[in-house]
Amino acid sequence: MSEENYKQIDDYFENLKNNPADIYTLYNENFVDWSGPRNKVDQPYTDYIAEKLIKTGNLFSEISLKSDRGNYLTPDHDGTIDKFTNRSEEIFAKMLLHHQIAHLGRIIDYQVPLKEVRADNFGKIDLVSFNADSNTSYLIELKVASDETILRAALEVETYSQLIGNDTFQEYVKKKAKKYFEKDKYDQINFDRTKIKKAIVFVIEDILDSPNEISKRDRNTHPHLKKLLTDYRIEPYLLERQYPTRSMLGLF
């Protein structure tokens, strides 16, 4: 079975040679969430995929699609929770609005739409934060009680970072930050120099809830995945529900 799985991954990357821009759909492929194989001999699937991505170079720069939204602002994003549903990530994202998170700064928005029209095949940015001290805005992919892999979260946020229009997004950050920072602090920020970075955040109750790739059994078996995060400049964090955040890189 594992041989067939590796072949499916190989076939995808072979097809990608002819259509590199199609990489924007990679995070939706089923194999990026495979956590096996369970034996200790074969290379884990997510590390195998990461190795292939490293060897092909950062194909995400080939994405020609852009989110053409003239404005990323959503007027009704005030953190109000009308009712509790099974959409735990959306609810938790709303609950984080205005909170100060270690390393990432203050959460200034959630569920930011990238679609301009319904037909667009774009998702939503789970969270946007702004760290006034480092003049940095973070695009954050949030996972709450999730079985998804670190790889998928990384591919998703990397894709979104390529889809946004940087100038438009920076103007949006400037407007959102004004609402969540005191005037004296806000006036000191040079938004023309704001850096946009990427992060993935897995919310856990305790260390046992950590993603499979950094579980005690699989630790130190994903060197290529760790390198991929570094190469793509994606910062990975664990967020305990009671805070603070801590980097996952030391747990691989």
| query | Is there a donor-acceptor pair closer than 3.5 Å between any side-chain N or O of T46 and the backbone N or O of H222? | reply | no
| field | Contact summary for V32 and T149, nearest pair of heavy atoms | value | O-OG1, 2.6 Å
| query | Between atom OH of Y160 and atom NZ of K124, what is the distance when rounded to the nearest 0.5 Å? | reply | 10.0 Å
| Do E14 and K52 sit within salt-bridge range, that is, some charged N less than 4.0 Å from a carboxylate O? | no
| Would you find a donor on one side and an acceptor on the other, under 3.5 Å apart, between the side chain of E213 and the backbone of I150? | yes
| task | Tell me yes or no: between the side chains of Q170 and D192, is some donor less than 3.5 Å from an acceptor? | result | no
| field | Given L127, L142, D126, the one that forms side chain to side chain contact (heavy atoms under 4.5 Å, CB included) with F92 | value | L142
| message | Quick test of your reading of the model: are K55 and E51 salt-bridged, counting only N-O distances below 4.0 Å? | response | yes
| query | Less than 4.5 Å apart, any side-chain heavy atom of V128 and any of I107? | reply | no
| request: Under the side chain to side chain contact (heavy atoms under 4.5 Å, CB included) rule, what do L228 and L151 come out as? Steps first, then yes or no, please. | output: CA-CA 9 Å; L228 187 76; L151 176 66; 4.0 Å; yes
| said: Would the distance check show the side chain of S161 and the main-chain N or O of E158 forming a donor-acceptor pair, the cut-off being under 3.5 Å? | reply: yes
| query | Checking R152 side chain against D33 main chain: does a donor-acceptor pair fall under 3.5 Å? | reply | no
| Taking atom CG of N15 as the centre, does the number of heavy atoms from other residues, nucleotides or ligands within less than 6.0 Å exceed 12? | yes
| note | In terms of heavy-atom contacts, L104 and A199 come closest through CD2-CB, 3.9 Å
| request: Could you tell me the separation between the NZ atom of K227 and the OH atom of Y232, rounded to the nearest 0.5 Å? | output: 10.0 Å
| query | Does a side-chain heavy-atom distance below 4.5 Å link Q111 with E90? | reply | yes
| task | Mind running side chain to side chain contact (heavy atoms under 4.5 Å, CB included) on Y180 and L97 for me, showing each step along the way? | result | CA-CA 9 Å; Y180 295 104; L97 185 66; 3.4 Å; yes
| CG of L238 to CD1 of I204: how many Å apart, nearest 0.5 Å? | 4.5 Å
| request: Check step by step if salt bridge (Lys or Arg N to Asp or Glu O under 4.0 Å) holds for E89 and K94. | output: CA-CA 9 Å; E89 286 179 4; K94 289 182 179 181; over 6 Å; no
| request: Find out whether F202 and V144 are in side-chain contact, i.e. whether some heavy atom of one side chain is under 4.5 Å from a heavy atom of the other. | output: no
| task | Output yes when a side-chain donor or acceptor of T230 lies under 3.5 Å from a complementary backbone atom of K226, and no otherwise. | result | yes
| field | More than 12 heavy atoms from other groups under 6.0 Å of NZ on K195 | value | yes
| field | Residue among K198, K197, E235 satisfying side chain to side chain donor-acceptor pair (under 3.5 Å) with Y138 | value | E235
| request: Nearest 0.5 Å please: distance from the CG atom of L225 over to the CG atom of D47. | output: 6.5 Å
| query | Which of these, F31, Y12, W34, sits in a ring-ring contact (aromatic ring centres under 6.0 Å, His included) with Y45? | reply | W34
| Derivation of the ring-ring contact (aromatic ring centres under 6.0 Å, His included) call for Y6 and Y48 | CA-CA 8 Å; Y6 289 119; Y48 186 72; 4.9 Å; yes
| Check against side chain to side chain contact (heavy atoms under 4.5 Å, CB included), I23 and L16 | CA-CA 7 Å; I23 199 167; L16 201 60; 4.1 Å; yes
| request: If the plane angle is over 60° it's perpendicular, under 30° parallel, otherwise tilted; pick one for F191 and Y186. | output: tilted
| Which atom pair, heavy atoms only, marks the closest approach of A21 to E62? | CB-O, 3.6 Å
| task | Check A153 against K143 and note the closest heavy-atom contact, atom names and distance. | result | CB-CE, 3.9 Å
| task | Check step by step if side-chain hydrogen bond (donor to acceptor under 3.5 Å, both in side chains) holds for T194 and N135. | result | CA-CA 5 Å; T194 296; N135 198 359; 2.8 Å; yes
| query | Any side-chain heavy atom of Y110 sitting closer than 4.5 Å to one from I125? | reply | no
| remark: When every non-hydrogen atom of Y27 is compared with those of G123, the smallest separation belongs to OH-N, 4.3 Å
| message | Could you measure the distance from the CD1 atom of I63 to the CG atom of N58? Nearest 0.5 Å is fine. | response | 8.5 Å
| Donor-acceptor contact below 3.5 Å, side chain N131 vs main chain T136 | no
| query | Applying the side chain to side chain contact (heavy atoms under 4.5 Å, CB included) test to L155, which of T25, L53, N28 qualifies? | reply | L53
| Does K185 come within less than 4.0 Å of D133, counting only side-chain N to carboxylate O? | yes
| query | Below 6.0 angstrom between ring centroids: does that apply to F130 and F181? | reply | yes
| task | Return the set of residues passing side chain to side chain contact (heavy atoms under 4.5 Å, CB included) with D187 (not counting sequence neighbours), or none when no residue passes. | result | K183
| task | Mind checking the CZ-CD1 spacing from R106 to I108? Nearest 0.5 Å is all I need. | result | 10.5 Å
| message | Does I200 form a side chain to side chain contact (heavy atoms under 4.5 Å, CB included) with Y237? I'd like the steps, not just the answer. | response | CA-CA 6 Å; I200 58 176; Y237 296 102; over 6 Å; no
| query | Is the backbone of S129 close enough, under 3.5 Å, to the side chain of S137 for a donor and an acceptor to pair up by distance? | reply | yes
| field | D42 to P37 - nearest heavy-atom pair and separation | value | CB-CG, 3.5 Å
| query | Has D147 got more than 12 heavy atoms of other residues, nucleotides or ligands less than 6.0 Å from its CG? | reply | no
